[in-house]
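Quick notes on the structure that follows.
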Amino acid sequence: MMGIEMKKVTLLATALAMVTGSAFAADMPLKALKAPPAPAFDPWDIAFGGAIMNDYIFRGVTQSNHKPSVAAYFEPRYNINKDLQLYAGVSAESISFANRAAAEVDIYGGIRPTFGAFAFDIGVWGYLYPGGSCADNVLTGGIPGGGVCPVSTTTIFLADGNVMKKDVSFFEVYGKLNYTINDNWSVGVNEYYSPNFLNSGAWGNYSSVTAKWIAPSTTFGASGVGMYVSGEFGRQWFGTSDAFYGTGAGTVFANGIPYKDYNTWNVGIGFTYKVFTLDLRYSDTDLNKGDCNAFTSAFNATGTTNVTPINPGGAGSNWCGAAGVAKLSFDLTAMSNLK
């Protein structure tokens with residue numbers, strides 16, 4: 001009997017322990033499941049794209065004689081972290097210069113640090129214009145060639161009195177700052193400097209301020225179409241060119257032209273859809289036709305009444321005047337669009 005009673009007591013104690021343990025277990029928090037591992041950080045990315053436009057305008061001045069132009073770019077990027085990016089790139093645009101250069105080819109690189117709402121961009125930009133020929137004039141001295149270019153089978157003779165070097169390649173150092181106010185508004189400042197703008201011998205300095213408003217994403221409902229309005233106001237300063245562009249022996253500027261500083265501005269509206277952007281923009285400067293001709297060496301300058309101190313011949317160019325630009329472009333990044 002004693003053995004039977006002991007077995008009953010043991011069974012009862014075991015049952016109580018199981019019940020008590022279950023009750024305590026119900027009060028204990030469940031152990032959290034392990035979160036899936038975060039995707040590995042890939043610092044490399046590539047941006048690329050292209051565009052077609054009815055006019056290639058650079059700081060208010062046409063680079064394509066107010067004719068259509070195409071462009072493309074390729075830009076590898078390395079993200080040191082989410083707030084610091086290194087980049088290098090190459091781009092190309094079709095142009096129409098007096099020296100008949102084949103195209104503009106840009107090689108650039110820099111660093112983009114971000115501090116909260118402030119985004120910086122600091123780098124070097126090289127502008128290359130391969131395939132050019134020396135462009136002389138047929139007026140100076142009344143003989144073919146004004147003695148500026150060596151006369152050869154490749155020399156271009158311009159009937160409007162202008163001249164242009166065979167190679168007008170140059171580089172600039174630049175710094176940009178963009179401040180994002182909120183989801184809709186951002187403003188920026190830009191600074192570019194070249195010790196030899198367009199290989200003319202004259203230094204160049206360009207500064208500008210920008211503003212952009214992005215419409216709310218619901219503006220066009222669920223269509224996926226976005227919209228923005230943006231504008232820029234800038235000023236281009238110049239030094240004095242070398243004697244190649246001088247106004248002629250015996251003149252005030254025989255040894256070089258002090259190019260006219262000018263203001264430029266543009267304002268436009270853009271529409272985005274996925275990787276595509278349609279930008280419609282108005283651009284203008286305050287350069288008159290005479291000073292524009294002296295600066296651009298336009299091959300189609302006309303007239304004799306646009307006389308200025310740096311443009312004694314009086315030919316005028318419309319390359320610096322008002323222009324409307326329609327540009328359709330696409331832009332992709334490998335990490336965002338090609339996964």
Between Tyr174, Tyr127, Phe58, Trp125, which is the residue that forms a ring-ring contact (aromatic ring centres under 6.0 Å, His included) with Tyr192?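 It is Tyr174; the other options fail the test.
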Of Trp203, Phe238, Tyr245, the residue whose pairing with Phe197 passes ring-ring contact (aromatic ring centres under 6.0 Å, His included):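 Considering Trp203, Phe238, Tyr245, a ring-ring contact (aromatic ring centres under 6.0 Å, His included) with Phe197 is found only for Phe238.
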Any side-chain heavy atom of [X] sitting closer than 4.5 Å to one from [Y]?
{"X": "Asn190", "Y": "Thr210", "answer": "yes"}
{"X": "Tyr259", "Y": "Thr240", "answer": "no"}
{"X": "Glu75", "Y": "Tyr108", "answer": "yes"}
{"X": "Ser329", "Y": "Asp331", "answer": "yes"}
{"X": "Tyr73", "Y": "Val90", "answer": "no"}
{"X": "Phe299", "Y": "Ile156", "answer": "no"}
{"X": "Val151", "Y": "Phe157", "answer": "yes"}
{"X": "Val61", "Y": "Thr296", "answer": "yes"}

Establish, from distance only, whether the side-chain atoms of [X] and [Y] form a donor-acceptor pair under 3.5 Å.
{"X": "Asp286", "Y": "Trp265", "value": "no"}
{"X": "Asn293", "Y": "Asn162", "value": "yes"}
{"X": "Asp83", "Y": "Thr114", "value": "no"}
{"X": "Tyr87", "Y": "Asp121", "value": "yes"}
{"X": "Ser64", "Y": "Ser96", "value": "no"}

Are [Y] and [X] connected into the same hydrophobic cluster when the rule is that any two of I, L, V, M, F, W, Y join if their side-chain heavy atoms are below 4.5 Å apart?
{"X": "Val209", "Y": "Tyr282", "value": "yes"}
{"X": "Val189", "Y": "Trp185", "value": "yes"}
{"X": "Phe171", "Y": "Tyr193", "value": "yes"}
{"X": "Tyr78", "Y": "Met335", "value": "no"}
{"X": "Val229", "Y": "Phe220", "value": "yes"}

Identify the heavy atoms of [X] and [Y] that sit nearest to each other, and give their distance.
{"X": "Pro312", "Y": "Val307", "answer": "O-CG2, 4.0 Å"}
{"X": "Ala98", "Y": "Ser297", "answer": "CB-O, 3.1 Å"}
{"X": "Pro76", "Y": "Ala88", "answer": "CD-O, 3.0 Å"}
{"X": "Lys260", "Y": "Ile310", "answer": "N-CD1, 3.9 Å"}
{"X": "Ala103", "Y": "Pro130", "answer": "O-CD, 3.3 Å"}
{"X": "Ser223", "Y": "Tyr273", "answer": "O-CE1, 3.3 Å"}

Ignoring hydrogens and geometry, is there a side-chain-to-backbone donor-acceptor pair from [X] to [Y] under 3.5 Å?
{"X": "Asn311", "Y": "Asp291", "result": "no"}
{"X": "Asn81", "Y": "Leu84", "result": "yes"}
{"X": "Thr219", "Y": "Ala215", "result": "no"}
{"X": "Asp136", "Y": "Gly146", "result": "yes"}
{"X": "Thr62", "Y": "Asn65", "result": "yes"}
{"X": "Thr180", "Y": "Asn182", "result": "no"}
{"X": "Ser94", "Y": "Val70", "result": "yes"}
{"X": "Asp160", "Y": "Thr302", "result": "no"}
{"X": "Thr272", "Y": "Thr277", "result": "no"}
{"X": "Lys165", "Y": "Cys134", "result": "no"}

Working note: Trp213 + Met227, criterion side-chain contact (heavy atoms from CB on, under 4.5 Å); need CA distance, chi angles, decisive distance, verdict. CA-CA 9 Å; Trp213 175 76; Met227 185 186 76; 3.7 Å; yes
Is Asp45 paired with Arg77 through a side-chain N to carboxylate O contact shorter than 4.0 Å?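 No, no charged N to carboxylate O under 4.0 Å.
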Charged N-O contact under 4.0 Å between Arg281 and Asp279: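 Salt bridge: yes.
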Atom [atom1] in [X], atom [atom2] in [Y]: separation rounded to 0.5 Å?
{"X": "Ser317", "Y": "Lys289", "atom1": "OG", "atom2": "NZ", "result": "8.5 Å"}
{"X": "Ile95", "Y": "Arg100", "atom1": "CD1", "atom2": "CZ", "result": "10.5 Å"}
{"X": "Ile57", "Y": "Asp284", "atom1": "CD1", "atom2": "CG", "result": "9.5 Å"}
{"X": "Asn79", "Y": "Arg112", "atom1": "CG", "atom2": "CZ", "result": "9.5 Å"}

Quick one: does NZ or CZ of Arg235 land under 6.0 Å from the six-membered ring centre of Tyr262, within 45 degrees of the ring axis?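 So Arg235 doesn't make the cation-pi contact.
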Walk me through it: do Asn99 and Ser133 pass the test side chain to side chain donor-acceptor pair (under 3.5 Å)? CA-CA 5 Å; Asn99 68 355; Ser133 297; over 6 Å; no
Partner of His66 by side chain to side chain donor-acceptor pair (under 3.5 Å), out of Asp55, Asn54, Asn300: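 Passing option: Asp55.
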Among Glu232, Gln236, Glu191, which residue meets the side chain to side chain donor-acceptor pair (under 3.5 Å) test with Ser208?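 Single pass found, and it is Glu232.
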Let's go through Asn337 and Val275 carefully: what are the C-alpha distance in whole Å and the side-chain angles of both, what is the deciding distance for side-chain contact (heavy atoms from CB on, under 4.5 Å) to 0.1 Å, and is it a yes or a no? CA-CA 8 Å; Asn337 302 110; Val275 301; 3.6 Å; yes
Applying side chain to side chain donor-acceptor pair (under 3.5 Å), run through Tyr206 and Glu172 and close with a yes or a no. CA-CA 10 Å; Tyr206 179 72; Glu172 291 181 314; over 6 Å; no
Applying side-chain contact (heavy atoms from CB on, under 4.5 Å), run through Ser169 and Asn199 and close with a yes or a no. CA-CA 6 Å; Ser169 303; Asn199 194 29; 5.9 Å; no
Kindly determine whether Asn306 and Asn288 satisfy side chain to side chain donor-acceptor pair (under 3.5 Å), including the steps that lead there. CA-CA 8 Å; Asn306 298 286; Asn288 62 46; over 6 Å; no
In terms of ring plane angle, is the pair Tyr129 and Phe170 parallel, tilted or perpendicular, where the classes change at 30° and 60°?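 Parallel, since the angle between the ring planes stays under 30°.
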Taking CZ in Phe120 as the centre, count heavy atoms belonging to other residues, nucleotides or ligands within less than 6.0 Å. Is the count above 12?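 It does: Phe120 CZ has more than 12 such atoms within range.
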Heavy-atom count check: over 12 atoms from other residues, nucleotides or ligands less than 6.0 Å from Asp183 CG?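 Atom CG in Asp183 is not packed in, count stays at 12 or less.
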Are Tyr228 and Ile269 close enough, and set up right, to give a side-chain contact (heavy atoms from CB on, under 4.5 Å), and what steps lead you there? CA-CA 6 Å; Tyr228 64 84; Ile269 184 171; over 6 Å; no
